[in-house]
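The model shown is predicted, which means the values in this text are computed figures rather than measured ones.
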Amino acid sequence: MMTGARIGTGEAWLVTRLAGYGNAAARFLSLAAAPTFAIMALMAAIGPADMLCMSGQGLFSIQGMVPMYMLMSAFHLAPWLRLLR
């Protein structure tokens, strides 16, 4: 005869199986965001530029991919700054 303790939902099994790994994964992902956006900004800056996308943009224009990726990298620096505390 099967007991009630062994019968459960797949979700309950998954929660008990992965308990504690969620925090570690969230910390890793929060640390991975800023360097990823910085690399993407670098790739967008040195990569080949499409003439259609670059038309009308000055040197210090806030339009385009490079400033967007730099801002996203800056906004995601908080986990790195918490490590330095």
Side-chain angles (χ1 to χ4, degrees):
M1 184 166 129
M2 191 172 249
T3 63
R6 299 196 69 150
I7 299 174
T9 64
E11 182 181 343
W13 175 84
L14 187 63
V15 167
T16 57
R17 180 80 175 142
L18 298 178
Y21 293 113
N23 288 338
R27 271 184 263 138
F28 172 75
L29 287 175
S30 69
L31 289 173
T36 301
F37 288 129
I39 291 169
M40 290 170 71
L42 182 65
M43 289 174 59
I46 63 173
D50 293 332
M51 293 311 242
L52 181 63
C53 294
M54 292 301 293
S55 64
Q57 294 183 6
L59 181 62
F60 297 107
S61 175
I62 61 169
Q63 299 173 352
M65 298 304 285
V66 176
M68 181 194 68
Y69 286 138
M70 289 172 56
L71 281 171
M72 289 172 67
S73 181
F75 290 144
H76 287 90
L77 279 177
W80 286 98
L81 296 175
R82 272 187 245 129
L83 283 179
L84 297 175
R85 245 188 328 155

Given side-chain contact (heavy atoms from CB on, under 4.5 Å), test V66 with L42 step by step and report yes or no. CA-CA 7 Å; V66 176; L42 182 65; over 6 Å; no
Find the distance between CE (M72) and CE (M65) and round it off to the nearest 0.5 Å. 8.5 Å
For the residue pair H76 and F37, does the interplanar ring angle fall in the parallel (under 30°), tilted (30 to 60°) or perpendicular (over 60°) class? tilted
Test item: T36 side-chain N/O and A32 main-chain N/O as donor-acceptor pair under 3.5 Å: yes
Output for pair (Y69 OH, L71 CG), nearest 0.5 Å, gives 12.5 Å
Would you mind reporting whether S30 and W80 have side-chain heavy atoms less than 4.5 Å apart? no
